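Fair warning: this is a prediction, and the values are worked out from it, not measured in the lab. Below, chain A is the first sequence line, B the second, and so on; all start at residue 1.
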Amino acid sequence: MKKQAPLICVVGQTATGKSSLALRIAQEWNGEIICADSWTIHREVNIGTAKPSMQEQSLVPHHLLDIIGPDEDFNAALFKELANKAIIDIIARGKLPIMVGGTGLYIDSVIYDYSFSAVGSRHSREELNALTLPELLEKIDNLGLELGSIDIRNKRRLIRLIETDGAQPTKGDLRDQTLLIGLHVENDKLKRHVTDRLDAMLASGLENEVRQLSERYGWNCEALKGIGYIQWREYFLGSENRDQVRQKIIQATINLAKRQNTWFQRNKSIHWFDTPVNWYEVVGLITTVLDNNIS
RNA sequence: GCAGGGAUAGUGAAGUGGUUAAACACAUCAGACUGUAAAUCUGACGGCUCAGCCUUCGGGGGUUCGAAUCCCUCUCCCUGCA
């Protein structure tokens with residue numbers, strides 16, 4: 001039986017240094033990076049998303065960056081498809097694929113081979129969105145759909161259930177030869193990292209980037225709904241000052257980091273590292289996986 | 001100095017005599033998560049020897065069967081007049 005080629009994943013909360021670790025791994029083992037991030041896929045949002053710089057991208061090829069416009073939608077199923085293509089392509093060229101990112105759903109869709117149920121065209125999302133929770137439940141009942149184990153207090157879950165005609169999703173085992181490296185930082189330290197990173201973003205012209213994007217695409221634009229962007233709205237309207245924006249961005253980032261951590265912590269296959277990462281341990285871990293593959 | 005206003009849990013803020021350990025929001029802690037995921041949703045959130053008990057609404061005193069809510073007084077803060 002033919003063995004699957006190795007895949008290295010670097011996951012974890014935002015601002016833990018995933019990108020730089022991935023870069024180092026890629027340079028050490030002749031790899032290419034696949035970004036599993038729901039925001040860096042958008043073009044034109046660069047500073048606030050902490051997108052890898054052109055300099056970093058010239059060092060190592062990055063995939064799934066800048067693939068859609070700021071006002072275009074994206075989704076996990078699409079990510080899974082594109083990421084799988086990228087992985088196959090990288091392996092075919094004899095290089096090591098390294099998937100890095102903090103969007104847990106995107107990562108899992110690839111490494112656990114999620115079976116996304118097709119979107120039913122009979123119902124428009126806009127129409128369903130307008131319904132209340134009880135109305136959605138009634139509709140589901142009328143359609144004869146099984147609620148299963150979904151959270152019936154979460155409107156989005158109910159809408160999805162209707163859209164998929166109640167199709168039950170499936171999840172596979174962890175992809176063979178896949179190494180999961182998780183980065184974790186303690187709360188206090190994380191807050192410092194987040195703050196420092198934001199101040200660096202501000203120094204490199206975040207405000208200007210947001211202003212230009214909001215003028216060109218308007219505040220309803222997808223990419224401007226992200227952290228680091230949406231918080232400027234009141235500022236440009238004149239009701240808040242720069243420091244309030246800064247505090248709001250820090251807070252939103254910390255809140256996100258908490259949710260990301262909850263997602264990844266339940267995955268018992270992840271090898272966790274505290275930062276700063278002990279490089280030799282990483283080398284040891286990766287070497288084991290790669291050697292195992294050769295034999 | 002005089003006249004008003006105010007002090008409520010980590011923060012903001014409701015409550016103005018009786019299911020009030022005290023709405024709500026935020027923060028915090030924990031959790032869920034398969035075509036929006038940087039999204040969406042859930043629980044806990046005064047203390048304890050925790051299906052019961054104890055202590056809270058600036059401090060002290062009082063009225064009342066009963067007060068964060070009424071009265072007196074003290075402290076501090078804001079506003080108008082001096």
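- OP1 or OP2 of B:A37 has at least one side-chain nitrogen or oxygen of A:Tyr106 nearer than 4.0 Å.
- A salt bridge links A:Glu72 to A:Arg43: at least one charged side-chain nitrogen sits closer than 4.0 Å to a carboxylate oxygen.
- A side-chain donor-acceptor contact under 3.5 Å links A:Gln13 to the backbone of A:Ala257.
- Rounding to whole angstrom units, CD of residue A:Gln168 and P of B:U34 are separated by 10 Å.
- Not a single donor-acceptor contact under 3.5 angstrom links the side-chain atoms of A:Arg153 to the base of B:U42.
- The pair A:Arg93-A:Asp89 counts as a salt bridge, with a side-chain nitrogen and a carboxylate oxygen less than 4.0 angstrom apart.
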(request) Would you mind building the protein contact string for nucleotides 25-31 of chain B? One character per nucleotide, 5' to 3', B for base within reach (heavy atoms under 4.0 Å), S for sugar-phosphate only, - for untouched. (result) --SSSS-
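- Applying the side-chain hydrogen bond (donor to acceptor under 3.5 Å, both in side chains) test to every pair with at least one member in residues 141-156 of chain A, sequence neighbours left out, gives no pairs at all.
- Contact annotation: A:Thr164 does not reach the phosphate of B:U34 (side-chain N/O to OP1 or OP2, under 4.0 Å).
- We find that CG of A:Asn129 is positioned 12 Å from C1' of B:A39, with the value rounded to whole Å.
- Annotation: B:G59 and B:C50 have their C1' atoms spaced 31 Å apart (nearest Å).
- Heavy atoms of A:Thr253 sit nowhere under 4.0 angstrom from any nucleic acid atom.
- Within the nucleic acid shown, A:Thr14 has no heavy atom closer than 4.0 Å to any nucleic acid atom.
- A:Ser115 and A:Thr170 share a donor-acceptor pair across their side chains, judged by distance under 3.5 Å alone.
- Pairing analysis of RNA chain B (Watson-Crick: purine N1 to pyrimidine N3 plus N6-O4 or O6-N4; G-U wobble: N1-O2 and O6-N3; both under 3.5 Å) yields stems of 3 or more pairs at B:1-7 with B:75-81, B:10-12 with B:24-26, B:28-32 with B:40-44, B:46-48 with B:52-54, B:58-62 with B:70-74.
- Distance, A:Ile68 CD1 to B:A37 P: 9 Å, rounded to whole Å.
- A distance of 10.0 Å separates CD1 in A:Ile107 from CG in A:Asn267, rounded to the nearest 0.5 Å.
- For A:Leu161 and B:G35, the CG to C1' distance is 14 Å, given to the nearest whole Å.
- Comment: A:Glu163 engages A:Arg160 in a salt bridge, judged by a side-chain N to carboxylate O separation of less than 4.0 angstrom.
- Taking atom C1' on both nucleotides, B:G15 is separated from B:C81 by 33 Å, rounded to a whole Å.
- One atom, NZ of A:Lys171, and another, P of B:U34, lie 10 Å apart when rounded to the nearest Å.
- Salt bridge A:Glu207/A:Arg211: present, at least one basic N to carboxylate O contact under 4.0 Å.
- Taking the P atoms as reference points, B:G1 lies 45 Å from B:C48, given to the whole Å.
- Spacing of P atoms, B:U11 relative to B:G61, comes out at 25 Å, to the nearest Å.
- Taking atom C1' in both B:A39 and B:G4, the straight-line distance is 50 Å, to the nearest Å.
- Here, B:U19 and B:C26 have their P atoms 27 Å apart, quoted to the whole Å.
- Residue A:Asp108 contributes atom CG, which lies 13 Å from atom P of B:G35 at whole-angstrom precision.
- Across the protein-nucleic acid pair, A:Asp71 atom CG and B:U36 atom P stand 18 Å apart, rounded to whole Å.
- Rounded to the nearest 0.5 angstrom, A:Ile181 CD1 and A:Ile25 CD1 are separated by 4.5 Å.
- Between the CD1 atom of A:Ile162 and the P atom of B:U36 there is a distance of 15 Å, rounded to whole Å.
- Counting any heavy atom pair closer than 4.0 Å across all strands shown, A:Ser38 reaches a base atom.
- For the pair A:Asp37 and A:Lys51, the salt-bridge criterion is not met [side-chain N within less than 4.0 Å of a carboxylate O].
- Look at the C1' atom in both B:A7 and B:U16: the space between them is 15 Å, to the nearest Å.
- Nearest to the side-chain atoms of A:Arg157 among the listed nucleotides B:A38, B:G43, B:A39 stands B:A39.
- Ranking B:C41, B:A37, B:U36 by closeness to the A:Ile159 side chain, first place goes to B:U36.
- A salt bridge is defined here as a Lys NZ or Arg NE, NH1 or NH2 lying under 4.0 Å from an Asp or Glu carboxylate O, and A:Arg24 with A:Glu28 fails to meet this definition.
- Comparing atom distances between the A:Leu78 side chain and each of B:U42, B:U34, B:G35 picks out B:G35 as nearest.
- A:Phe74 comes within contact range of the sugar-phosphate backbone alone, with a heavy-atom separation under 4.0 Å but no base atom that close.
- Only the C1' atoms considered, B:G66 is 23 Å distant from B:G52, to the nearest whole Å.
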